[in-house]
Chemist: 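Before I ask anything, here is the structure I am working with.
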Amino acid sequence: MSSPSLGQRTASGSPGFLKRSQPRYGEKVIKVLLVAASLVSVLTTIGIVIALIPPAITFFGKVDFGDFITGTNWSPLFKPPHFGVLPLVGGTLMVTFIALLVAVPLGLGAAIYLSEYSNSRVRKIFKPLLEVLAGIPTVVYGFFALKAITPLLQDIWPGGEGPQVFNALAAGFVMGIMIIPTIASLAEDSMSAVPRALRDGAFALGSSRMQVSTRVVVPAALSGIVAAVVLGISRALGETMIVAIAAGGRPNLSFDPLEGMQTMTAFIAAAGIGDLPTGSIGYQTIFAVGSLLFVMTLVMNLLSIRLVRKYREVYE
């Protein structure tokens with residue numbers, strides 16, 4: 001008797017072509033591994049929250065939360081101690097803002113060139129070279145800012161004394177260079193995913209390559225570009241070595257980028273390697289500042305998710 005043909009049913013009544021000779025254990029193993037990999041980030045986040053909350057609660061039981069948020073004097077390790085975190089927040093935002101002024105235009109420009117202007121051969125050469133910047137240790141960037149960028153700025157500064165030895169401008173500039181590959185690579189991937197038909201339609205209407213790039217491709221890839229910029233901001237907020245080396249270690253609530261400043265991450269690093277007794281209020285400031293930085297990053301990511309969903313384009 002011949003085997004059941006396509007569409008025929010076996011003796012059990014099930015279609016012959018749906019019958020499996022062996023269960024696929026390999027697929028089940030892969031599925032379990034993928035689920036485990038996806039849970040790593042969730043469990044890591046939960047672990048960070050669990051590690052931060054108890055010491056932060058203890059800290060705010062001794063220090064008024066309003067004074068912590070609105071105070072302009074940060075000297076927790078001196079007597080009398082002051083716990084106004086605004087100088088650290090101001091330094092963090094200042095350095096991050098300067099970094100974005102460098103990274104966003106250069107990163108998006110590189111992404112537009114790689115996606116819309118370069119040929120495949122040039123793209124295969126330049127994109128890996130651009131991404132090499134992301135693999136350079138941040139401590140190297142820090143010493144580059146301190147030993148190369150700061151003296152250069154002091155030499156070419158048009159008037160006045162110029163930047164101090166430790167300053168937010170050099171730290172932010174070099175940090176912007178560091179996050180260019182992050183923004184450029186993700187934005188280029190998003191632009192490359194835009195259907196070719198949209199470009200061809202714009203060219204058929206007489207648009208130039210620049211008009212197609214800026215008025216068709218960039219708006220269509222806006223959700224991916226926003227995600228790339230947000231990831232760059234997150235990396236800038238969490239950067240430690242560059243700001244610790246180049247921006248200085250003195251809390252300073254100032255709008256002058258030529259002055260030295262201390263960021264939240266730089267304080268955490270400096271206090272964490274100090275001789276603070278475990279359980280002391282000085283030690284607990286590490287967790288208080290870390291909790292604030294965690295909340296700031298979380299709020300920024302939630303806002304970015306809303307923007308990505310709002311401007312997401314779905315193509316079939």
Side-chain angles (χ1 to χ4, degrees), residues 33-34 37-38 40-41 44-45 48 92 95-153 166-193 221 224-248 263-266 268-270 272-273 290 293-294 297 300-301 304 308:
L33 292 176
L34 292 176
S38 64
V40 168
S41 60
T44 302
T45 303
I48 292 173
T92 301
V95 175
T96 301
F97 178 72
I98 296 172
L100 292 179
L101 289 180
V102 175
V104 172
L106 293 181
L108 292 183
I112 292 174
Y113 171 75
L114 291 174
S115 174
E116 305 303 316
Y117 288 86
S118 65
N119 54 43
S120 59
R121 182 178 179 181
V122 173
R123 190 180 302 113
K124 289 180 181 178
I125 296 174
F126 277 90
K127 190 171 182 180
L129 290 177
L130 180 66
E131 293 176 346
V132 167
L133 292 175
I136 298 176
T138 57
V139 66
V140 176
Y141 279 115
F143 281 107
F144 174 69
L146 180 63
K147 297 298 184 180
I149 300 301
T150 296
L152 177 63
L153 292 175
F166 299 104
N167 62 89
L169 182 59
F173 179 81
V174 173
M175 187 185 295
I177 295 176
M178 182 194 68
I179 63 177
I180 284 175
T182 301
I183 296 177
S185 181
L186 295 178
E188 193 272 334
D189 291 339
S190 182
M191 293 177 188
S192 298
I225 293 173
V226 170
V229 173
V230 169
L231 185 59
I233 296 174
S234 298
R235 185 168 185 190
L237 287 175
E239 174 54 37
T240 303
M241 292 309 301
I242 294 176
V243 291
I245 295 173
T263 64
M264 302 168 74
T265 53
I268 293 173
I273 61 177
L293 183 62
F294 180 85
T297 307
M300 183 191 63
N301 287 334
S304 68
V308 167

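Since the model is a prediction, treat every value here as computed from it, not as a measurement. Residue numbers count from 1 along this sequence.
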Chemist: What's the spacing between R123 CZ and Y113 OH if we round to 0.5 Å?
Modeler: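 Output value for this atom pair is 9.5 Å.
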Chemist: Should V102 and M175 be marked as a side-chain contact (heavy atoms from CB on, under 4.5 Å) after you check the CA-CA gap, both sets of side-chain angles, and the distance that decides it?
Modeler: CA-CA 9 Å; V102 175; M175 187 185 295; over 6 Å; no
Chemist: Can you name the closest pair of heavy atoms from A168 and I98 and give their distance?
Modeler: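 Result for this residue pair: O-CD1, 3.7 Å.
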Chemist: Side chain of S190, backbone of A187: donor and acceptor closer than 3.5 Å?
Modeler: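 No.
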Chemist: How close do A111 and E188 get, counting heavy atoms only, and between which atoms?
Modeler: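 A111 and E188 have their closest heavy atoms at CB-N, 3.7 Å.
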Chemist: Heavy atoms only: give me the nearest A103-I180 pair and the separation to one decimal.
Modeler: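 Residues A103 and I180, closest heavy atoms: CA-CG1, 3.8 Å.
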Chemist: How long is the gap from OG1 on T182 to CG on L130, to the nearest 0.5 Å?
Modeler: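 Between T182 OG1 and L130 CG, I get 9.5 Å after rounding to 0.5 Å.
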Chemist: For the pair T96 (side chain) and T92 (backbone), establish whether a donor and an acceptor sit closer than 3.5 Å, ignoring hydrogens and angles.
Modeler: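 Such a contact is found between T96 side chain and T92 backbone.
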Chemist: Quick one, Y117 and V122 - any side-chain contact, counting heavy atoms below 4.5 Å?
Modeler: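 No, too far: nothing below the 4.5 Å cut-off.
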Chemist: Of all the heavy-atom pairs spanning N301 and S234, show the shortest one and how long it is.
Modeler: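 Where N301 meets S234 most closely, the heavy atoms are OD1-OG, 3.6 Å.
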Chemist: Determine the minimum heavy-atom distance between M264 and L293, stating which atoms define it.
Modeler: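 Looks like CE-N, 3.6 Å.
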Chemist: Would you sort out whether L146 and F166 count as a side-chain contact (heavy atoms from CB on, under 4.5 Å), showing the intermediate values?
Modeler: CA-CA 7 Å; L146 180 63; F166 299 104; 4.0 Å; yes
Chemist: For E239 and M241, indicate whether the former's side chain and the latter's backbone hold a donor-acceptor pair under 3.5 Å.
Modeler: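 Checking the backbone N and O of M241 against the side chain of E239, a donor-acceptor pair under 3.5 Å is found.
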Chemist: Looking at CG of L133 and CD1 of I179, how far apart are the two atoms once the value is rounded to the nearest 0.5 Å?
Modeler: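 It is 12.0 Å, given to the nearest 0.5 Å.
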Chemist: Not counting sequence neighbours, which residues clear side chain to side chain contact (heavy atoms under 4.5 Å, CB included) with T44? List them please.
Modeler: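 Result, side chain to side chain contact (heavy atoms under 4.5 Å, CB included) vs T44: V40, I48.
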Chemist: Ignoring hydrogens and geometry, is there a side-chain-to-backbone donor-acceptor pair from S304 to A227 under 3.5 Å?
Modeler: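 Not at all, since once roles are kept as given, no pair shorter than 3.5 Å links the two residues.
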Chemist: To the nearest 0.5 Å, what is the distance between CD1 (I177) and CD1 (I149)?
Modeler: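 Spacing of CD1 (I177) from CD1 (I149) equals 5.5 Å.
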Chemist: Quickly, which of L108, V230, L186 forms a side chain to side chain contact (heavy atoms under 4.5 Å, CB included) with I225? Name it, please.
Modeler: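 Testing I225 for a side chain to side chain contact (heavy atoms under 4.5 Å, CB included) against L108, V230, L186 leaves exactly one candidate, L108.
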Chemist: Verify the neighbour count for atom CZ of F126: are there more than 12 heavy atoms of other residues, nucleotides or ligands below 6.0 Å?
Modeler: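 No, because the 6.0 Å sphere around CZ of F126 holds 12 heavy atoms or fewer from other groups.
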Chemist: For the atom pair CZ (F173) and CG (L153), what is the distance rounded to the nearest 0.5 Å?
Modeler: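 Here the interatomic distance stands at 7.5 Å.
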Chemist: Could you measure the distance from the CD1 atom of I233 to the CD1 atom of I183? Nearest 0.5 Å is fine.
Modeler: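 Reported to 0.5 Å precision, the distance equals 7.5 Å.
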Chemist: So, for A269 and T240, which heavy atoms are closest and what is the spacing to 0.1 Å?
Modeler: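 Closest approach of A269 to T240, heavy atoms only: CB-CG2, 3.5 Å.
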Chemist: How about F294: does its CZ atom have over 12 heavy atoms from other parts shown lying under 6.0 Å from it?
Modeler: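 Result for CZ/F294: enclosed.
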